[in-house]
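Heads up, the thing below is written out as structure tokens.
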Amino acid sequence: MSDIVRTRFAPSPTGYLHIGGARTALFNYLLAKRLGGKFVLRIEDTDQARNIEAADAKLLDDLRWLGLEWDEGPQVGGEHGPYYQSQRLELYKEHARKLLDSGQAYYAMETAEELEAMRREARKSQQRGFRYPRPKHFPSEAEARKARDEGRPIVVRFKMPERDFVVHDQILGEVRIGATELSDFVIVKADGWPTYHFAVVIDDAGMRITHVLRGQEHLMNTPNHLALQEALGYPIPNYAHLPIIFNMDGSKMSKREKDKAVRAAVGEALKAGTIDEDRVLELSGCTDADAFQAWRKKKTQLENAGLQALANELRVALPEIEIHDFRVSGYLPEVLLNFIALLGWSPGDDREKFTLPELCEAFSVERIGKTNAKFDREKLLNFNTVALAAADMEHRLSGLRDYLNSNENSSLRDLDNVTLQRLVELCAGMRTFHDIDFKCGAMYVADEQLQYDDAAIKKVLLKGDGAGTAVLKEMRGELETLTDWTASALEELIRGFAERRELKLGKVAQPIRVAVTGSTISPAIFDTLEMIGRERTLRRIDRLLTRVATA
RNA sequence: GCCCCCAUCGUCUAGAGGCCUAGGACACCGGCUUUUCAAGCCGGCGACACGAGUUCGAAUCUCGUUGGGGGCGCCA
């Protein structure tokens with residue numbers, strides 16, 4: 001047809017969009033755009049057991065949030081659809097039939113247990129990887145049907161040619177995989193659905209994919225794909241296997257990290273008695289106590305909703321590993337994109353800051369490296385800080401809105417744009433949108449729901465025979481007389497007071513701050529008071545004064 | 001265990017035989033600024049994993065060692 005470049009991103013809907021997946025998507029997107037080609041999105045939902053409902057919708061949403069729009073795929077259509085593998089089952093069946101008829105594939109009927117036993121035996125005696133032993137006589141069509149009727153699982157295996165395969169990888173060069181490492185792999189599962197290897201080859205060909213950029217964990221799969229392409233008479237796309245992204249400690253960036261963090265927090269809270277078992281069970285989203293215990297024993301993982309609920313309740317930060325997490329934390333999508341582009345790729349000079357269009361222009365597969373990278377959140381945080389400082393107000397406001405939309409329990413959710421803009425201005429120097437919540441959240445909760453940081457009260461108000469409390473009492477009187485409740489008038493009043501008493505500003509500002517926010521952290525005290533308002537400021541001070549008096 | 005991939009500051013990386021007494025960025029350390037938290041400004045520390053070769057010359061080429069990673073599924 002034409003030699004236009006076509007790349008694809010093919011996630012399976014088993015959860016949120018992962019950081020590694022996002023980078024794979026980005027690189028495929030960039031390559032297509034750089035070469036004037038098309039970027040295709042395909043959903044690989046062939047594992048009926050692991051697919052998660054509505055995960056695909058969230059996947060698409062996060063991809064769009066990042067700005068990675070696809071030219072063909074779900075929701076946008078295209079000539080080579082459908083783009084869900086679950087809707088292409090007939091196609092796979094036809095191909096399987098073809099291979100079966102030509103003798104390039106055959107039926108096999110071992111159970112999972114039998115295979116497991118064979119694997120164990122192979123590893124013990126042969127000291128090498130397991131290879132499925134090709135039978136001397138292949139089961140006939142009739143035998144296979146009979147066995148299936150008797151309840152045996154029937155799969156189709158591909159007759160792997162007995163020779164070495166060479167992967168011509170655009171990043172790694174020529175990689176030779178010996179014949180002894182390869183064996184007859186399954187192409188159709190017992191449930192009749194295709195395996196990944198089978199579907200990917202058929203779909204890449206059908207969708208005219210010319211370049212496959214994927215994680216290095218797929219390198220050893222490539223001979224399977226090459227053999228299948230050969231058997232089916234398909235062209236071989238250009239392959240490039242990307243280095244893998246890890247956590248700073250070298251562990252895999254997997255959702256397990258979130259389970260680990262929450263599991264630890266739950267354990268602590270239960271031990272300390274700050275939460276009861278029923279409540280935890282309810283929040284976890286587990287169907288019953290057994291399921292919950294299995295999770296606590298590290299046997300299972302919780303769904304994201306349960307993890308998030310528990311994290312919120314226990315006030316622990318979830319490690320950010322999926323795109324969704326960074327969205328919830330208040331990162332700018334273009335910053336995240338910019339950052340992950342630099343994991344495994346570099347422009348060749350000292351430039352680090354790129355917009356998506358700039359990346360499209362600068363990108364090339366030749367400049368992708370071979371070494372695995374660690375995901376450094378500190379550097380990402382710095383990128384975000386710099387970008388936020390440079391962004392115009394409109395952009396920061398829309399980002400803040402998106403952040404609030406994904407943070408249901410933020411007290412800032414219902415504020416109008418004028419107020420939000422003021423908060424953004426007051427939080428100059430913020431690193432993420434969460435910083436606004438962190439610094440200003442207390443200003444907008446109901447007075448009676450204000451949480452107090454006991455350590456702050458002790459340090460600022462009680463220490464030194466309650467000097468801070470005395471100052472606070474006096475200031476309360478002064479504040480009550482102020483009629484012009486603006487930041488500038490408040491500044492004049494408070495600074496004047498401090499000067500008269502020969503006190504450093506901090507000695508006056510901190511007691512007030514703790515009284516009105518419950519903590520030692522807020523924007524400049526004058527602005528903080530103005531935003532809280534006269535009545536609520538006085539009420540909060542009174543509230544704290546009684547609390548301290550009875551303590 | 002077998003097969004495959006990789007190897008420059010703590011981290012992301014620049015470097016394709018002499019431009020390297022190895023460059024940039026983040027982090028870190030010190031100082032300044034400061035009503036808190038951030039942010040900001042100035043300065044500093046810091047790496048070619050190791051061992052053999054090849055070469056007039058090696059971070060760059062070869063081999064080995066060590067270390068890290070991936071794969072060995074009816075998961076993708």
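Quick caveat, the model's predicted, so the values are computed rather than measured. Throughout, a chain's letter reflects where its sequence line sits, starting with A, and its residues are numbered from 1.
Pairing partner, G17(B): none, since no Watson-Crick or wobble contact has both distances short of 3.5 Å. G43(B) is paired with C29(B) under the Watson-Crick or G-U wobble criterion, all donor-acceptor distances under 3.5 Å. In this structure, U54(B) makes no Watson-Crick or G-U wobble pair, since no nucleotide meets both defining distances under 3.5 angstrom. A 3.5 Å limit on both hydrogen-bonding distances identifies no Watson-Crick or G-U partner for A38(B). Across the strands present, C2(B) finds its partner in G71(B); the criterion is a Watson-Crick or G-U wobble pair with both atom distances under 3.5 angstrom. Using Watson-Crick or G-U wobble geometry with both donor-acceptor distances under 3.5 Å, A7(B) finds its partner in U66(B).
On the C1' atoms, C63(B) is 37 Å away from A27(B), given to the nearest whole Å. Nucleotides G44(B) and U54(B) place their C1' atoms 40 Å apart, quoted to the nearest Å. Distance check on atom C1': C26(B) versus G69(B) gives 24 Å, rounded to whole Å. A distance of about 11 Å separates the P atoms of A22(B) and G46(B), rounded to the whole Å. Rounded to whole Å, the separation between the P atoms of C56(B) and G23(B) comes to 29 Å. When the C1' atom is compared between U33(B) and A58(B), the two are found 47 Å apart, to the nearest whole Å.
A cation-pi contact links R157(A) to Y132(A), judged by a cut-off of 6.0 Å to the six-membered ring centre and 45° from its axis. Cation-pi contact between R163(A) and F165(A): present, with separation from the ring centre below 6.0 Å and deviation from the ring axis of at most 45°. R88(A) forms no cation-pi arrangement with Y84(A), by the criterion of a distance under 6.0 Å to the ring centre and an angle within 45° of the ring axis.
Residue T46(A) places at least one side-chain N or O under 4.0 Å from the OP1 or OP2 atom of A76(B). Distances shown here put a side-chain N or O of R367(A) below 4.0 Å from the OP1 or OP2 atom of G15(B). Between R119(A) and C74(B), a side-chain N or O to OP1/OP2 separation shorter than 4.0 Å is present.
Residue R50(A) places its side chain closer to A76(B) than to any other of C74(B), C12(B), A76(B). If you check C5(B), C74(B), A76(B) against the side chain of R157(A), the one that comes closest is C74(B). Among the nucleotides U13(B), G73(B), C2(B), the one closest to any side-chain atom of S346(A) is U13(B). Taking the side chain of K374(A) as heavy atoms from C-beta on, and the options U11(B), C74(B), A14(B), the nearest nucleotide is U11(B).
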Which atom pairs, one a donor and one an acceptor, fall under 3.5 Å between side chains of residues 10-21 of chain A and the rest of the protein, sequence neighbours left out?
| residue | atom | partner | partner atom | Å |
| --- | --- | --- | --- | --- |
| H18(A) | ND1 | G20(A) | N | 3.0 |
| H18(A) | NE2 | M253(A) | O | 2.2 |

For residues 503-522 of chain A, run the donor-acceptor check on the side chains, cut-off 3.5 Å, and write out each pair with its distance to 0.1 Å, sequence neighbours left out.
| residue | atom | partner | partner atom | Å |
| --- | --- | --- | --- | --- |
| Q510(A) | OE1 | R513(A) | NH1 | 2.6 |
| R513(A) | NE | S522(A) | OG | 2.9 |
| R513(A) | NH2 | P523(A) | O | 3.0 |
| T517(A) | OG1 | R513(A) | O | 2.8 |
| T517(A) | OG1 | S519(A) | N | 3.1 |
| T517(A) | OG1 | S519(A) | O | 2.9 |
| S519(A) | OG | I521(A) | N | 3.1 |
| S519(A) | OG | I521(A) | O | 3.3 |
| S522(A) | OG | T528(A) | OG1 | 3.0 |

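Between Q85(A) atom CD and C75(B) atom C1' there is a gap of 13 Å when expressed in whole angstrom units. For the pair Y107(A) OH and C74(B) P, the interatomic distance rounds to 18 Å; values are reported in whole Å. One can place CZ of F185(A) at 15 Å from C1' of C75(B), the figure rounded to the nearest angstrom. Look at OH on Y196(A): it is 15 Å from P on C74(B), rounded to the nearest Å. The interatomic distance linking M160(A) (CE) with C72(B) (C1') rounds to 13 Å, in whole Å. Rounded to whole Å, the distance from CD1 on I177(A) to C1' on C2(B) is 14 Å. Atom CD of E110(A) is separated from atom P of G73(B) by 13 Å (rounded to the nearest Å). Atom CZ in F198(A) sits roughly 18 Å away from atom C1' in C75(B) (whole-Å rounding).
Within the nucleic acid shown, H197(A) comes within 4.0 Å of at least one base atom, counting heavy atoms only. If you check every strand for non-hydrogen atoms under 4.0 Å, V155(A) touches a base. Base engagement by L115(A) is indicated by at least one non-hydrogen atom pair under 4.0 Å involving a base atom. No contact: R214(A) has no heavy atom under 4.0 Å from any strand. Using a 4.0 Å heavy-atom cutoff across all strands shown, R351(A) reaches no nucleic acid atom at all. G369(A) comes within contact range of no nucleotide atom at all, as no heavy-atom separation falls under 4.0 Å. No contact: D349(A) has no heavy atom under 4.0 Å from any strand. If you check every strand for non-hydrogen atoms under 4.0 Å, A190(A) touches a base.
With sequence neighbours excluded, the residues satisfying side chain to side chain donor-acceptor pair (under 3.5 Å) with E530(A) are R422(A).
Here the side chain of N407(A) pairs a donor or acceptor atom with the backbone of Y403(A) at under 3.5 angstrom. Within the 3.5 Å criterion, the main-chain N or O of S329(A) finds a donor-acceptor partner in the side chain of T432(A). Looking only at distances, a side-chain donor or acceptor of R377(A) sits under 3.5 Å from a matching main-chain atom of E320(A).
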- Item | Under 4.0 Å protein heavy-atom contacts per nucleotide of nucleotides 32-39 of chain B, with B for base, S for backbone only and - for none | ---BBBBS
Please produce a list of atom pairs where a protein N or O lies less than 3.5 Å from an N or O of nucleotides 25-30 of chain B.
| residue | atom | partner | partner atom | Å |
| --- | --- | --- | --- | --- |
| A25(B) | O4' | E352(A) | OE1 | 3.2 |
| A25(B) | O2' | E352(A) | OE1 | 2.6 |
| A25(B) | N3 | K379(A) | NZ | 2.8 |
| C26(B) | O2' | K379(A) | N | 3.2 |

Every protein N/O lying under 3.5 Å from an N/O of nucleotides 59-70 of chain B:
| residue | atom | partner | partner atom | Å |
| --- | --- | --- | --- | --- |
| G69(B) | O2' | N372(A) | OD1 | 3.2 |

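Salt bridge D164(A)/R176(A): present, at least one basic N to carboxylate O contact under 4.0 Å. The pair D47(A)-R50(A) counts as a salt bridge, with a side-chain nitrogen and a carboxylate oxygen less than 4.0 angstrom apart.
Taking the six-membered ring for Trp and thresholds of 30 and 60 degrees, H197(A) and H225(A) have ring planes inclined between 30 and 60 degrees apart. Below 30°, between 30° and 60°, or above 60°: for Y92(A) and F198(A) the angle between ring planes is between 30° and 60°, a tilted geometry.
Mapping A112(A) and G178(A) onto RNA chain B via the closest heavy atom, the residue that lands nearer the 5' end is G178(A).
Considering only heavy atoms from C-beta on, M160(A) comes within 4.5 Å of F185(A) through its side chain.
Among R134(A), R131(A), K159(A), the single residue meeting the salt bridge (Lys or Arg N to Asp or Glu O under 4.0 Å) criterion with D184(A) is R134(A).
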